[in-house]
> 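Quick one: this structure, given as structure tokens, is what I'll be asking you about.
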Protein chains: 2
Amino acid sequence: MVTNISHQGKGSSNSCSHCNLKKICFPHGLSASELSTFESSVDQTVKLQKKQKLYSRGDTLKSVYAIKAGSIKTYLSTSKGQSQVLGFHMPGDLLGFDGFADDTHSSDAVAMEDTILCELPLANFENLCEVLPGLRKVMMQQVGSEINRHHSLVLTLGQMQTEERLATFLLRLSCYYQKRGFSCVQFNLPMPRHDLANFLGMAPETLSRMFAKLEKQQVISIQRREVTILDMDGLLNLSHEMCTHDVA
Amino acid sequence: MVTNISHQGKGSSNSCSHCNLKKICFPHGLSASELSTFESSVDQTVKLQKKQKLYSRGDTLKSVYAIKAGSIKTYLSTSKGQSQVLGFHMPGDLLGFDGFADDTHSSDAVAMEDTILCELPLANFENLCEVLPGLRKVMMQQVGSEINRHHSLVLTLGQMQTEERLATFLLRLSCYYQKRGFSCVQFNLPMPRHDLANFLGMAPETLSRMFAKLEKQQVISIQRREVTILDMDGLLNLSHEMCTHDVA
DNA sequence: AAAGATTCATGATAAATATCAAGCGATATA
DNA sequence: TATATCGCTTGATATTTATCATGAATCTTT
């Protein structure tokens, strides 16, 4: 299968210990000595321009990636040309687990804006797992988090009405920003309405109406992509999730 | 947190090499020598009666389980008493990944009928990963499969209409039985309508109507829980999934 | 700055699905 | 055997959401 990936200039070796995401990204769980062993194996930085693909369905799994800057959208396509956004991934997030079943990616990943990623080649990863028990642990935690996020998304799509889906999404995004040291009451949506509507399983028009509804209730205000949460409790009341408040 | 688990009589040590699921269950991917090391660590058999819980949300993750006989339903609950079925798990399936993020189960698992499971305590598992590279590999494959199943479920709930959801579900179940050597055109639904409707994100009445609709189209026939697929191509036409046909 | 394209919002209408209500048949219980 | 209960189906209706159509606002390109 032909791949569309073209890594725009691979950077130099990375240093997790000097990374500004070191409190967020997954190597955070490693001990100091483990980290120094680990760092030398995250051998490359991958740069993608907006709309460039990181991988496509059917591609062989070569590496796991951590987002350093920018954002990535993952999605699934059907035989009839429909698609379903699986997630919006931001700095500190890990990508590539969709390929573990059979070493082949089952989803597509595309840059939503210019994006920089750290690349951890799978061969290195397997060797490292041999010698770093902490890495195995941290990896399983990451996998567990991903599974929990999926569970939460299934609950959202399966049980909630459109207004509640949006409220739940906004709350998760809010928590996500808070964890990264940004404001949890004012932030930008990193994706267009079209993608968000698809992710939330509704028509774009419905999403628009739900934004309008939340605004009329004075729960949020939104201008283009800038969201301000005016009434956090109100938003929480609209969402009935068993809040662990992981990110979407 | 109080747990409702009461393991009804732990059995003796298991032998994967003599298990009738050895072609299906995950240790299948291990080499002969790895398997013998592995077997001794799957130290217990857990027996559950119908409706008994294997674990609940909030319980500490102690073990990973493989289903030997019977079936398990996993589900998530919301603060308002709603719930969402996450999956119906059958012999050969692995359970417990929902607890990896923070060593705490985030979902509930309950026996849909009298069920027997193999228990792999986490402590053993971590030690084994140290010495068995194949186990790490197989485990990551299992995790990858679980993630792929979730992706597929998200697609189903997010994009498909009720008829297509049901058609897709029946096809997956059919493949599942086929892989296990059973008929792929005639089989029993292991769950009541109520649970299936919840899993598929629709009202039980809607599920009934969709079954009726598929019957009228002569695509299936169904009596209580016994399904016969009359027109496999017809069913495939109703489902637009990019078929990897993993199980639901 | 003008023209075109894109993104988003909103109204009117149609379609899908949930809810409410009733009843049927199988199984369990007395 | 009679009775109650449970799981399921089916009909009538209400609600939610999608679709279609239009237009405004923003961004891009010339």
Side-chain angles (χ1 to χ4, degrees), chain A residues 49-51 73 78 80-85 88 112-114 156-170 188-217 220-228 238 240, chain B residues 49-51 73 78 80-85 88 112-113 156-170 188-217 220-227 238 240:
Chain A
Q49 290 181 325
K50 184 173 179 173
K51 297 195 177 176
K73 172 180 79 170
T78 71
K80 298 294 169 206
Q82 286 175 299
S83 65
Q84 168 69 41
V85 173
F88 305 106
M112 297 162 67
E113 60 193 305
D114 290 1
T156 302
L157 293 173
Q159 301 297 323
M160 297 180 188
Q161 313 225 104
T162 54
E163 184 184 29
E164 188 174 0
R165 288 184 210 176
L166 177 55
T168 302
F169 172 80
L170 290 173
N188 270 75
L189 299 178
M191 75 293 288
R193 299 283 192 278
H194 172 80
D195 283 339
L196 181 54
N198 178 285
F199 177 66
L200 295 177
M202 63 184 79
E205 295 93 331
T206 305
L207 178 63
S208 250
R209 285 183 238 274
M210 291 307 139
F211 271 127
K213 197 170 171 189
L214 292 183
E215 278 202 296
K216 186 150 39 174
Q217 294 174 257
I220 65 164
S221 84
I222 178 165
Q223 307 256 102
R224 280 195 61 70
R225 293 193 185 178
E226 182 171 309
V227 176
T228 308
L238 291 173
H240 298 147
Chain B
Q49 290 182 326
K50 184 173 177 171
K51 298 194 179 178
K73 171 181 78 171
T78 70
K80 298 295 170 203
Q82 285 175 299
S83 65
Q84 169 68 41
V85 173
F88 306 107
M112 297 162 68
E113 60 194 306
T156 302
L157 293 174
Q159 301 297 323
M160 297 180 189
Q161 312 226 104
T162 55
E163 185 185 30
E164 188 174 0
R165 289 185 210 176
L166 177 55
T168 302
F169 172 80
L170 290 173
N188 271 75
L189 299 178
M191 74 294 287
R193 299 284 192 277
H194 172 80
D195 282 340
L196 180 53
N198 178 286
F199 177 65
L200 295 176
M202 63 184 79
E205 294 93 333
T206 304
L207 178 62
S208 249
R209 286 183 240 274
M210 292 306 138
F211 271 127
K213 197 171 172 189
L214 293 183
E215 278 203 296
K216 186 150 39 173
Q217 294 174 259
I220 65 164
S221 84
I222 179 165
Q223 307 255 103
R224 279 190 63 68
R225 293 195 187 177
E226 183 171 309
V227 176
L238 292 172
H240 298 147

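Each chain gets a letter, A, B and so on, in the order its sequence line appears, and its residues count up from 1.
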> Which nucleotide in the set C:dT17, C:dT10, D:dA18 lies at the smallest distance from any side-chain heavy atom of A:A212?
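Among the listed nucleotides, the one closest to the side chain of A:A212 is C:dT10.
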> Tell me: CZ of A:F211 to C1' of C:dT7, nearest whole Å?
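That distance rounds to 13 Å.
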> Please report, rounded to the nearest Å, how far the P atom of C:dT6 is from the NZ atom of A:K50.
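Whole-Å distance recorded here is 12 Å.
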> Under 4.0 angstrom, heavy atoms only, what part of the nucleic acid is A:S208 near: base, sugar-phosphate, or nothing?
base
> Do A:S83 and A:T78 come close enough that some side-chain heavy atom pair is under 4.5 Å?
no
> Look at all strands and tell whether A:Q161 reaches a base, only sugar-phosphate, or nothing, counting heavy atoms closer than 4.0 Å.
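Here A:Q161 touches the backbone only, sparing every base.
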> Measure across B:M191 and B:F169 and return the closest heavy-atom pair with its distance rounded to 0.1 Å.
CE-CZ, 3.7 Å
> Rounded to whole Å, how long is the line connecting atom CG of A:L166 with atom C1' of C:dC8?
15 Å
> What I want to check is whether an N or O donor and acceptor connect the side chain of A:R193 with the base of C:dT10 at under 3.5 Å.
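Not at all, since no donor on one side and acceptor on the other fall under 3.5 Å apart.
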> Atom CZ of B:R165 to atom P of C:dA18: distance rounded to whole Å?
8 Å
> Using a distance-only criterion (donor-acceptor N/O pair, under 3.5 Å, no hydrogens), is the base of C:dC20 paired with the side chain of B:E205?
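Such a pair is found, so the answer is yes.
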> May I have the distance from B:E163 (atom CD) to C:dA15 (atom C1'), rounded to whole angstrom?
14 Å
> Just compare C:dT17, C:dC20, D:dC8 and give me whichever is closest to any side-chain atom of B:R225.
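Side chain of B:R225 sits closest to D:dC8.
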> To the nearest Å, give me how far apart CE (B:M210) and C1' (C:dA16) are.
8 Å
> Give a yes/no on whether any side-chain N or O of B:T162 is located under 4.0 angstrom from OP1 or OP2 of C:dT17.
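Indeed, a polar side-chain atom of B:T162 lies that close.
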> Let me know the distance between CE of A:M160 and P of D:dT16, rounded to the nearest Å.
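Distance check: A:M160 CE to D:dT16 P gives 17 Å.
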> Rounded to whole Å, please give me the gap between CG in B:L207 and P in C:dA18.
10 Å
> Kindly indicate whether the side chain of B:L238, heavy atoms from C-beta on, has any atom under 4.5 Å from the side chain of B:T168.
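Not in contact.
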> Counting C-beta onward and ignoring hydrogens, is there a side-chain heavy-atom pair between A:L200 and A:T162 closer than 4.5 Å?
no
> Mind checking B:R224 for me? I need base, sugar-phosphate or nothing, with any heavy atom below 4.0 Å counting as a touch.
nothing
> So which nucleotide from C:dA18, C:dG11, C:dC8 ends up closest to the side chain of A:R209?
C:dG11
